[in-house]
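One structure below.
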Amino acid sequence: MDLKGKNCLVTGGSRGIGKSIALTLAELGANVAVTYSRSADAANEVVKEIEKMGSKGMALQADATNFAKAEEVISKVVTDWGSLDVLVNNAGIAQDNLILRMSEENWDAVINTNLKSIFNYSKAATKPMMRARGGSIINIGSVVGISGNAGQSNYSASKAGIIGFTKSFAKELASRNIRANVVAPGYILTEMTEKLNENVLEAIKTETPLGRAGNPDEIANVVAFLASDMSSYITGEVIRVDGGMAM
Ligand code: NAP
């Protein structure tokens with residue numbers, strides 16, 4: 001796969017899966033901008049690593065829930081680099097609780113960060129991608145958006161919403177050569193999942209046919225494929241990367 005000359009933006013690229021996606025895209029020759037909410041140092045380190053690989057990098061502080069900020073970020077990438085070819089909507093949070101105990105704040109925070117952010121960045125990316133006569137948007141969902149999960153009603157709803165949004169977006173923008181797809185990870189080792197207790201971790205491994213958790217690079221490789229022209233006839237698709245968990 002060759003991403004030379006492609007200008008990419010990864011939301012939440014300071015840590016975890018987003019960091020791995022940013023570095024994988026850069027390794028394949030792309031210029032990569034990352035956004036973050038709080039981890040400035042980590043985001044700047046990611047940029048240093050991107051630049052070491054000979055690509056251009058940029059770190060921008062931007063709360064993904066803020067629409068005006070999304071427009072600002074995309075406008076900065078297009079002004080500085082000339083185009084936006086690939087958008088990876090990765091920023092996300094979990095605030096798990098049973099519905100009986102879930103607060104309105106838990107609900108709003110997760111829906112706004114995981115789902116509204118996808119609208120914010122996809123909408124802001126549409127005009128520049130139309131001008132460039134094409135683009136690829138990759139939204140990071142989750143297998144629980146397909147299967148649901150007790151204790152994750154807000155998170156599952158946000159991730160299911162991403163699938164509906166992506167398919168609608170893909171249908172609206174296909175004639176402009178803009179593709180949109182979802183990558184739905186299973187259980188991946190990052191800071192988001194390190195808080196789970198041993199029993200839950202063991203249960204997840206037992207329920208995963210490949211018998212182990214995934215690592216961020218295994219998500220990044222699929223994102224790179226969807227970003228590249230090798231996936232030029234794929235749009236509106238949901239690709240599970242979950243060791244067979246939701247099969
Ligand atoms: P993570 O390690 O907690 O990293 C989350 C990233 O999102 C960080 O870069 C964080 O930036 C950023 N972020 C959070 N809130 C933000 C906001 N309001 N505005 C901008 N950036 C924000 O999480 P992860 O495990 O890598 O998850 C990445 C994506 O994969 C998420 O969408 C998650 O739902 C999805 N996913 C993960 C798993 C898994 O098992 N790990 C499974 C399925 C799906 P700061 O550091 O600045 O806060």
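The structure displayed is predicted, hence computed values, not measured ones. Counting convention: from 1, in listed order, for ligands and their atoms alike. Residue numbers count from 1 along this sequence.
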Fill in: Option with minimal heavy-atom separation from atom 13 (N) of ligand 1, where the choices are S142, S158, A91
A91
Worksheet item: With no hydrogens and no angle check, do the side chains of S103 and N106 hold a donor and an acceptor under 3.5 Å apart?
Response: yes
Item to complete: Among all protein heavy atoms, pick the one closest to atom 33 (C) of ligand 1 and tell me residue, atom and distance.
Response: Y155 OH, 3.4 Å
Worksheet entry | Distance, nearest 0.5 Å, that separates NZ of K159 from CG of N149 | 13.5 Å
Worksheet, complete the sentence: Of all protein heavy atoms, the one nearest atom 19 (N) of ligand 1 is A64 N, 2.8 Å
Practice prompt. Give yes if a backbone or side-chain nitrogen or oxygen of I188 is under 3.5 Å from a nitrogen or oxygen of ligand 1, and no if not.
Written response: yes
Discussion item. Test your reading of the structure: does I93 have an N or O sitting under 3.5 Å from an N or O of ligand 1?
Written reply: no
Worksheet item: Is K159 touching ligand 1 with its side chain, its backbone, both, or neither, if touching means heavy atoms under 4.0 Å apart?
Response: side chain
Worksheet item: Quick one: nearest non-hydrogen protein atom to atom 47 (O) of ligand 1, plus distance?
Response: R38 N, 2.6 Å
Response to the item:
For atom 24 (P) of ligand 1, the closest protein heavy atom turns out to be T190 OG1, 3.6 Å
Item to complete: Nearest heavy atom to atom 10 (C) of ligand 1 wins, so pick from E191, M192, R15.
Response: R15
Fill in: Pairwise side-chain contact, N197 with V200, heavy-atom cut-off 4.5 Å (strictly under)
yes
Discussion item. Please classify the I219 to ligand 1 contact at 4.0 Å (heavy-atom distances, strictly less than): side chain, backbone, both or neither.
Written reply: neither
Worksheet entry | Short N or O distance, T113 and ligand 1, threshold 3.5 Å exclusive | no
Practice prompt. Tell me which protein heavy atom sits closest to atom 31 (C) of ligand 1, plus the residue, atom name and distance to 0.1 Å.
Written response: N90 O, 3.2 Å
Discussion item. Can you confirm, on distance only, whether ligand 1 has an N/O atom lying under 3.5 Å from any N/O atom belonging to G12?
Written reply: yes
Worksheet item: Does ligand 1 have a heavy atom under 4.0 Å from the side chain of T193, from its backbone, from both, or from neither?
Response: side chain
